[in-house]
Each structure stands twice: as structure tokens, then as C-alpha cells.
Amino acid sequence: MADTRPILFFDSGVGGLSVLAPARALLPQAPLVYAADSAGFPYGIRSEEEIAARVPALLGRLAERYRPRLIVIACNTASTIALAHVRAALDIPIVGTVPAIKPAALLSKARVIGVLGTEATVRQPYVDNLAAQFAADCMVIRHGSAELVQLAEAKLHGEMPDPARFRAVLEGLFDQPGGERIDVIVNACTHFPLVEAELAAVAAHPVTFVDGGPGIARRIAYLTEGQEWPDVRPPGIAVFTRLDDAAHALAPALAGYGLARLEAL
């Protein structure tokens with residue numbers, strides 16, 4: 001029999017869809033479960049202690065219910081804080097999400113990189129280590145924005161936020177010393193690629209945006225190489241820790257990512 005165990009993607013909200021999409025394209029027969037911790041959203045303003053405790057507990061419940069072959073923590077904040085805790089708690093392959101500083105450094109000609117994430121992500125020592133390891137010859141400028149997470153969520157709900165709000169977020173990078181030389185911006189929150197077009201449209205000067213989604217898709221393919229899949233991919237499932245009207249309003253957008261069924265955890 002074909003192996004029907006899904007790949008499970010986890011995020012605080014809908015940002016992880018930017019990771020699910022390239023994985024879905026690369027592995028067209030893989031069953032998919034997408035879990036959003038809507039009751040805990042947003043993670044970027046929560047304490048590290050709360051995230052470190054909450055994420056392993058939720059993933060334990062999700063693993064028990066859906067029996068995934070692999071879990072993707074499709075959230076930079078949760079990954080930089082809770083990845084080690086999750087790997088210690090669960091005997092399942094776990095793929096984390098980290099800021100794409102390495103590919104950004106390879107692309108940057110000006111040697112000035114912007115890192116745009118949540119407040120919780122941009123202050124992590126993990127980001128310091130990535131910058132030191134892969135971008136030692138670059139100036140790395142960081143800015144944390146909780147508002148951009150909300151703007152991405154609003155877009156998935158069908159709203160059209162004011163472009164000035166996106167411009168103000170980018171000014172948090174460009175207005176810092178050296179910011180006018182930034183030529184590559186790392187979208188260090190999985191929500192942010194969902195509004196990349198809106199950011200690019202209001203940028204003060206041309207920049208290239210990079211994120212970890214394609215690299216994570218390749219990592220999933222590598223870890224599942226040789227495994228069996230169903231002949232036909234079943235409809236995907238979207239799971240919410242709070243299945244309220246706001247979650248149900250996302251159904252049309254989720255259907256575009258192959259997630260046809262909504263469930264509550």
C-alpha cells in the first residue's frame with residue numbers, strides 16, 4: 001500500500017503557506033497538513049519562554065493526531081526559539097526555518113543586506129551566528145515588524161492594505177545608517193514573502209528579496225527521497241487552534257494552496 005502519512009507544516013498563522021507552496025510544487029503527490037496556531041498568534045510579540053513551551057506541546061498533539069512522516073516548522077520565530085526543544089520531544093524528522101542570510105550574501109553586490117523579520121527573530125543570537133558565518137564581509141541591517149505580519153494576514157483575507165504601510169516598514173531598514181545601500185532583503189518571517197510584491201512596489205530603490213521557502217522544499221525532498229507516496233494526492237487539511245470566523249474566512253485562499261478541509265485542534 002502507498003504511504004499516506006502527510007508532511008505537516010506549522011506556523012502561528014498563514015505565513016507558512018510561503019513554505020508549503022514550493023514544497024507542494026516539488027512533491028506533487030505528497031499529502032499535506034497545514035497547522036496554524038491561531039489561538040497563539042502572533043508569535044513575534046510573545047516571550048521566548050512561552051514559545052519554547054507552547055510549540056513542542058502543540059506539535060506533540062498534532063503528531064499524535066496526523067502521524068506525519070516529517071514536520072516543518074514554517075515559522076522563523078518558532079524555529080529560532082523552539083527547534084531544539086521540538087527535536088528533543090519528538091521522534092520525527094523536523095525541518096526548521098532560518099533567515100536566508102547565506103543566499104542573500106551570495107547575491108549582494110553592495111555587501112549591505114537587510115534582514116526583515118519579527119522583533120523576536122531579529123534579536124536572536126542565531127541571526128548573529130548566521131551573519132558571522134555567511135555574511136562576515138557584509139553590513140547586516142535588521143528591522144523587526146509585527147505590523148507586516150498583520151498586513152500579510154489581511155491580504156490572505158482579501159483585504160488591500162494601504163501601500164504607505166508597507167513603505168513605512170521598509171523605511172525601518174532604509175532609514176538606518178547604511179540602509180540606502182541595501183540591495184538584498186531577507187524576508188526572515190514566512191509571512192513576508194506573501195506580500196513581497198507589495199514591498200517591492202514601494203521600495204525606495206530596487207532590491208532583491210530572498211526567503212528560505214525553496215531551500216526548505218529541497219530539504220524536504222532530500223529527507224523523503226525513496227519514500228512512497230499515494231498515487232493521487234488527497235485534499236490537504238488546514239488545522240487551526242482556534243477555528244473561528246476569521247479562520248473560516250481564509251477558506252478560499254487556503255483552497256488555492258490545496259487545503260480543502262478545515263479542522264480544529
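Of all the heavy atoms in Ile113 and Ala135, the pair that sits closest is CD1-CB, 4.2 Å. Nearest heavy atom pair, residue Pro56 against residue Ala53, reads CD-O, 3.6 Å. Between Pro6 and Leu32 the shortest heavy-atom distance is CB-N, 4.3 Å. Annotation for Leu26 and Ala221: closest pair CD2-CB, 3.8 Å, computed over non-hydrogen atoms. Of all non-hydrogen atoms in Tyr43 and Leu58, the two that sit nearest each other are OH-CD1, 4.1 Å. Shown here for Ala35 and Leu8, the closest heavy-atom pair between the two residues is CB-CD2, 4.4 Å.
Note on Val210 and Leu173: separate hydrophobic clusters, where clusters join Ile, Leu, Val, Met, Phe, Trp and Tyr whose side-chain heavy atoms are under 4.5 Å apart, directly or indirectly. By the criterion of side-chain heavy atoms lying less than 4.5 angstrom apart, applied directly or through intervening Ile, Leu, Val, Met, Phe, Trp or Tyr residues, Val19 is not grouped with Leu83; the two fall into different hydrophobic clusters. Linking ILVMFWY side-chain heavy atoms closer than 4.5 Å, directly or via other members, places Ile237 and Ile71 in a single hydrophobic cluster. Follow the hydrophobic side-chain contacts under 4.5 Å out from Leu116 and you never reach Val184; the two are in separate clusters. No path of Ile, Leu, Val, Met, Phe, Trp and Tyr side chains, each step under 4.5 Å between heavy atoms, connects Leu70 with Val33, placing them in separate hydrophobic clusters.
With sequence neighbours excluded, no residue satisfies side-chain contact (heavy atoms from CB on, under 4.5 Å) with Leu106. Partners of Gln227 by side-chain contact (heavy atoms from CB on, under 4.5 Å), not counting sequence neighbours, listed by chain and number: Arg5, Arg69, Thr224. Applying the side-chain contact (heavy atoms from CB on, under 4.5 Å) rule to Asp128 yields the partners Pro125, Arg142; only residues at least two apart in sequence or on another chain are considered. Qualifying side-chain contact (heavy atoms from CB on, under 4.5 Å) partners for Pro42, counting only residues two or more places apart in sequence or in other chains: Ile45, Gln150.
In terms of modelled atom types and a separation under 3.5 Å, the side chain of Asp183 and the main chain of Lys109 share a donor-acceptor contact. Counting only distance, with no hydrogens or angles, the side chain of Gln29 and the backbone of Val232 share no donor-acceptor pair below 3.5 Å. One N or O on the side chain of Arg111 and one on the backbone of Ser108 form a donor-acceptor pair closer than 3.5 Å.
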- [ ] Check step by step if side chain to side chain contact (heavy atoms under 4.5 Å, CB included) holds for Phe9 and Ile73.
- [x] CA-CA 6 Å; Phe9 296 80; Ile73 303 180; over 6 Å; no
- [ ] Starting from the C-alpha separation in whole Å, work towards a yes-or-no answer on side chain to side chain contact (heavy atoms under 4.5 Å, CB included) for Leu148 and Leu199.
- [x] CA-CA 10 Å; Leu148 196 54; Leu199 290 168; 4.1 Å; yes
Open item on the list: I'd like to know whether Thr77 forms a side chain to side chain contact (heavy atoms under 4.5 Å, CB included) with Glu119, so could you lay out the CA-CA distance, the side-chain angles of the two residues, the decisive distance to 0.1 Å, and finally the verdict.
Closed with: CA-CA 9 Å; Thr77 301; Glu119 292 93 333; over 6 Å; no
TODO: Give the intermediate values and the outcome of side-chain hydrogen bond (donor to acceptor under 3.5 Å, both in side chains) for residues Asn76 and Thr97.
DONE: CA-CA 5 Å; Asn76 289 85; Thr97 306; 5.6 Å; no
- [ ] Starting from the C-alpha separation in whole Å, work towards a yes-or-no answer on side chain to side chain contact (heavy atoms under 4.5 Å, CB included) for Ile7 and Leu27.
- [x] CA-CA 10 Å; Ile7 299 170; Leu27 298 167; 4.1 Å; yes
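The shortest distance between side-chain heavy atoms of Cys75 and Phe10 does not fall below 4.5 Å. Residues Ile216 and Ile220 have side chains in contact (heavy-atom distance under 4.5 Å, counting atoms from C-beta outward). Counting heavy atoms from C-beta on, the side chains of Arg123 and Glu48 come closer than 4.5 Å. Residues Leu170 and Ile185 form a side-chain contact, since some pair of their non-hydrogen atoms from C-beta on lies under 4.5 Å apart. Contact of the Val149 side chain with the Phe41 side chain is registered, since non-hydrogen atoms from C-beta on lie closer than 4.5 Å. Between Ile182 and Ile141, the closest side-chain pair of non-hydrogen atoms falls below 4.5 Å.
For residues 196-237, the pairs satisfying ring-ring contact (aromatic ring centres under 6.0 Å, His included) are Phe174-His205, with sequence neighbours left out. Pairs passing the salt bridge (Lys or Arg N to Asp or Glu O under 4.0 Å) check and including a residue from residues 74-86, sequence neighbours excluded, do not occur.
Salt-bridge annotation for Glu50 and Arg54: absent, with no side-chain N of the basic residue lying under 4.0 Å from a carboxylate O of the acidic one.
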Can you give each donor-acceptor pair under 3.5 Å made by side-chain atoms of residues 98-105, sequence neighbours left out, with the distance rounded to 0.1 Å?
none

Atom pairs and distances, side-chain donor-acceptor, residues 250-265, under 3.5 Å, sequence neighbours left out:
from	atom 1	to	atom 2	distance (Å)
Arg261	NE	Glu263	OE2	3.0
Arg261	NH2	Glu263	OE2	2.8
Glu263	OE1	Tyr66	OH	2.4

Check residues 240-248 and write down every donor-acceptor pair under 3.5 Å in which the side-chain atom is one partner and the other belongs to a residue at least two apart or another chain.
from	atom 1	to	atom 2	distance (Å)
Thr241	OG1	Asp37	OD1	2.8
Thr241	OG1	Ser38	N	2.9
Thr241	OG1	Ala39	N	2.8
Asp244	OD1	Ala246	N	3.3
Asp244	OD1	Ala247	N	3.0

Could you pull out every donor-acceptor pair under 3.5 Å between side chains of residues 160-169 and any protein atom, sequence neighbours left out?
from	atom 1	to	atom 2	distance (Å)
Asp162	OD1	Ala164	N	3.0
Arg165	NE	Glu147	OE2	2.8
Arg165	NH2	Glu147	OE2	3.1

Sequence neighbours left out, cut at 3.5 Å: what donor-acceptor pairs do the side chains of residues 85-94 make with other protein atoms?
from	atom 1	to	atom 2	distance (Å)
Arg87	NE	Ile94	O	3.4
Arg87	NH2	Ile94	O	2.8

Kindly list each side-chain donor-acceptor pair under 3.5 angstrom involving residues 186-195, sequence neighbours excluded, with atom names and distances?
from	atom 1	to	atom 2	distance (Å)
Thr190	OG1	Ala74	O	2.8
His191	NE2	Gly15	N	3.3
His191	NE2	Glu153	OE2	2.7

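Here Arg46 contributes atom CZ and Thr118 contributes atom OG1; the two are 12.5 Å apart, rounded to the nearest 0.5 Å. From Glu228, atom CD reaches atom CG of Asp3 across 7.0 Å, with rounding to the nearest 0.5 Å. With values rounded to the nearest 0.5 angstrom, Glu171 atom CD is found 9.5 Å from His143 atom NE2. Here the CZ atom belonging to Arg24 is positioned 10.5 Å from the CG atom belonging to Leu17, to the nearest 0.5 angstrom. In this structure, OG in Ser145 is found 7.0 Å from CG in Leu151, a value given to the nearest 0.5 Å.
Open room surrounds OH on Tyr126; 12 or fewer heavy atoms of other groups in view lie less than 6.0 Å from it.
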